[in-house]
Amino acid sequence: MTGGAGASDQLTVCEAEREPDPSDSLRTFGAVVQALRENAGLSRAEFGELVRFSKHTVGSVELGRRMPDESFVERAEEELGNTGALRRSARFLTRGEAGLAAWFRRWARLERVAVSLCTYECRLVPGLLQSERYARSVFDNSIPPLSNEQLEAQLTARMERQQMICERPNVPFSFIIEEHLFRRRLGGDEVMRGLLDHVLELTALRNVTLQIMPVDAETHGCLDGSVQLLETPERRLAYSEGQQNGRLISDAKEVSLLYQRYDTLRSQALHPKDSRGLLERLRGEL
């Protein structure tokens, strides 16, 4: 296969495999391809002719935006020294974690090894406690709108992430949530009834503690916004999220300050038993 039609056919195939959220392994593989290509003194266009892919496809692979197919790997290996490096490393390529925002993925991986997790939320009921219909309502309100495929991928990822509460019964999960989030009828009354039932069920588990920050509280220890905290066997970390971005916080002093704020919130929020009673009353009002 050489020239125009072949290159066009290959481009069409690779376009279909474009990665919406590149993984670290794809980025690393792409960087190695780029380094080897440049070391060989080849432009993307020249290299593309040799491996029979367009320069745009070469660029996308180098940037980690496309999963290279077997023919790309084999031809690139042959043209860039045949050391075996590309062929071997290609076996470890993984796609991005579908449904998880790129800036959240590292935190999601840390959650899996955490020995404790704490969440304060003032925007939405936390993803770990969302019912499926509530989560769907959240994604339905995305701007710009999500495609059906994107929505289902995000919904699946959220529900799968939530399973770790039951799968890790020895890990304590602490939540402090603003009362108004349970009063906002996102998705309608039926959705909120399901959400409250779901939260009451999850928070009945021995490893889950929920405290509600009442709307009439006169003091508040965390007015700067939502925060997540976790502890691993080695250290404590924090995570803060905003519009289209997230920040992993590892500085010991900053993490300590956020833990202080969370501890203050614990003393200001309703007792877990009273919080459960409030949810039951709200459920009865719907």
Side-chain angles (χ1 to χ4, degrees), residues 11-27 30 56-57 59-61 63-69 93-112 117 119-167 175 177-178 180-199 201-202 225-228 239-248 286:
L11 178 59
T12 300
V13 171
C14 280
E15 285 289 354
E17 295 180 351
R18 184 181 180 92
E19 300 298 314
D21 297 302
S23 66
D24 290 341
S25 66
L26 282 175
R27 290 193 180 97
H56 304 292
T57 299
S60 292
V61 170
L63 293 171
R65 293 175 179 168
R66 290 189 177 88
M67 174 72 77
D69 64 17
L93 289 176
T94 59
R95 287 188 153 87
E97 298 169 80
L100 293 179
W103 56 85
F104 185 72
R105 287 179 187 155
R106 188 178 176 193
W107 182 260
R109 289 193 291 269
L110 287 166
E111 285 181 328
R112 298 171 194 160
L117 294 104
T119 300
Y120 164 63
E121 188 56 77
C122 59
R123 304 163 304 169
L124 293 164
V125 172
L128 286 174
L129 295 180
Q130 291 179 7
S131 65
E132 183 171 339
R133 293 189 65 187
Y134 180 90
R136 186 177 293 276
S137 296
V138 171
F139 296 135
D140 277 339
N141 280 276
S142 296
I143 298 176
L146 301 175
S147 68
N148 290 338
E149 293 76 14
Q150 289 172 321
L151 190 151
E152 292 303 324
Q154 293 195 27
L155 185 62
T156 298
R158 181 152 299 180
M159 294 299 102
E160 288 178 350
R161 174 173 165 255
Q162 193 176 105
Q163 292 174 10
M164 69 177 172
I165 291 180
C166 296
E167 292 173 350
F175 298 91
I177 305 175
E178 294 288 340
H180 72 266
L181 299 182
F182 292 107
R183 292 188 177 276
R184 179 187 296 149
R185 300 190 177 184
L186 187 68
D189 288 355
E190 187 175 347
V191 169
M192 289 306 297
R193 279 194 290 269
L195 171 70
L196 289 167
D197 288 341
H198 185 68
V199 172
E201 179 181 356
L202 284 178
S226 302
V227 68
Q228 297 182 55
Y239 176 78
S240 177
E241 192 168 272
Q243 295 277 350
Q244 294 299 108
N245 66 80
R247 177 176 171 236
L248 179 63
L286 291 173

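To the nearest 0.5 Å, the span separating CD on Gln150 from OG on Ser142 amounts to 9.0 Å. Taking CD of Glu201 as the reference point, atom CG of Leu196 lies at 13.0 Å (rounded to 0.5 Å). Note: Gln130 CD to Leu202 CG = 11.5 Å, rounded to the nearest 0.5 Å. To the nearest 0.5 Å, atoms CZ (Arg136) and CG (Leu155) are separated by 5.0 Å. To the nearest 0.5 Å, atoms CG (Leu181) and CZ (Arg184) are separated by 6.0 Å. In this structure, the separation between CG on Leu128 and CZ on Phe175 is 5.0 Å, given to the nearest 0.5 Å.
What you find for Arg27 and Leu63 is that their closest heavy atoms are CG-O, 4.2 Å. When all heavy atoms of Ser240 and Ser226 are compared, the pair lying nearest together is OG-O, 4.0 Å. Closest non-hydrogen pair, Leu151 versus Phe139, comes out as CG-CB, 3.9 Å. Closest approach of Leu129 and Ile177 over heavy atoms only: CD1-CD1, 3.7 Å. Closest approach of Ser137 and Gly187 over heavy atoms only: OG-CA, 3.6 Å. Taking both residues in full, the closest heavy atoms of Gly127 and Gln162 are given as O-NE2, 3.1 Å, listed atom of the first, atom of the second, then distance.
By the 4.5 Å heavy-atom criterion applied to side chains, Glu190 and Arg133 are counted as neighbours. Counting heavy atoms from C-beta outward, Val199 and Phe182 have side chains that approach closer than 4.5 Å. When side chains are defined from C-beta on, Arg247 does not count as touching Tyr239, because their heavy atoms never get closer than 4.5 Å. Proximity of Leu146 to Asp140: side-chain heavy atoms (C-beta onward) are nowhere separated by under 4.5 Å.
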List the steps, then state whether side-chain contact (heavy atoms from CB on, under 4.5 Å) holds for Leu117 with Gln228. CA-CA 7 Å; Leu117 294 104; Gln228 297 182 55; 6.0 Å; no

Going through the checks in order, is the side-chain contact (heavy atoms from CB on, under 4.5 Å) test met by Leu186 and Leu124? CA-CA 9 Å; Leu186 187 68; Leu124 293 164; 4.1 Å; yes

Run the side-chain contact (heavy atoms from CB on, under 4.5 Å) check on Tyr134 and Met192 step by step: do they pass? CA-CA 7 Å; Tyr134 180 90; Met192 289 306 297; 4.0 Å; yes

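For the salt bridge (Lys or Arg N to Asp or Glu O under 4.0 Å) test, residues two or more places apart in sequence or in another chain that qualify with Glu121 are Arg123. For Glu132, the salt bridge (Lys or Arg N to Asp or Glu O under 4.0 Å) criterion is met by no residue, not counting sequence neighbours. Scored by the ring pair (Phe, Tyr, Trp, His ring centres under 6.0 Å) test, Tyr120 finds His220 as partners (sequence neighbours excluded).
With respect to Arg185 and Asp189, a salt bridge is recorded, a charged nitrogen being found less than 4.0 Å from a carboxylate O. Salt-bridge formation is not detected for the pair Glu167/Arg112: no Lys NZ or Arg NE/NH1/NH2 atom is positioned less than 4.0 Å from an Asp or Glu carboxylate oxygen.
Among Leu195, Asp197, Val125, the one residue that satisfies the side-chain contact (heavy atoms from CB on, under 4.5 Å) test with Ser131 is Leu195.
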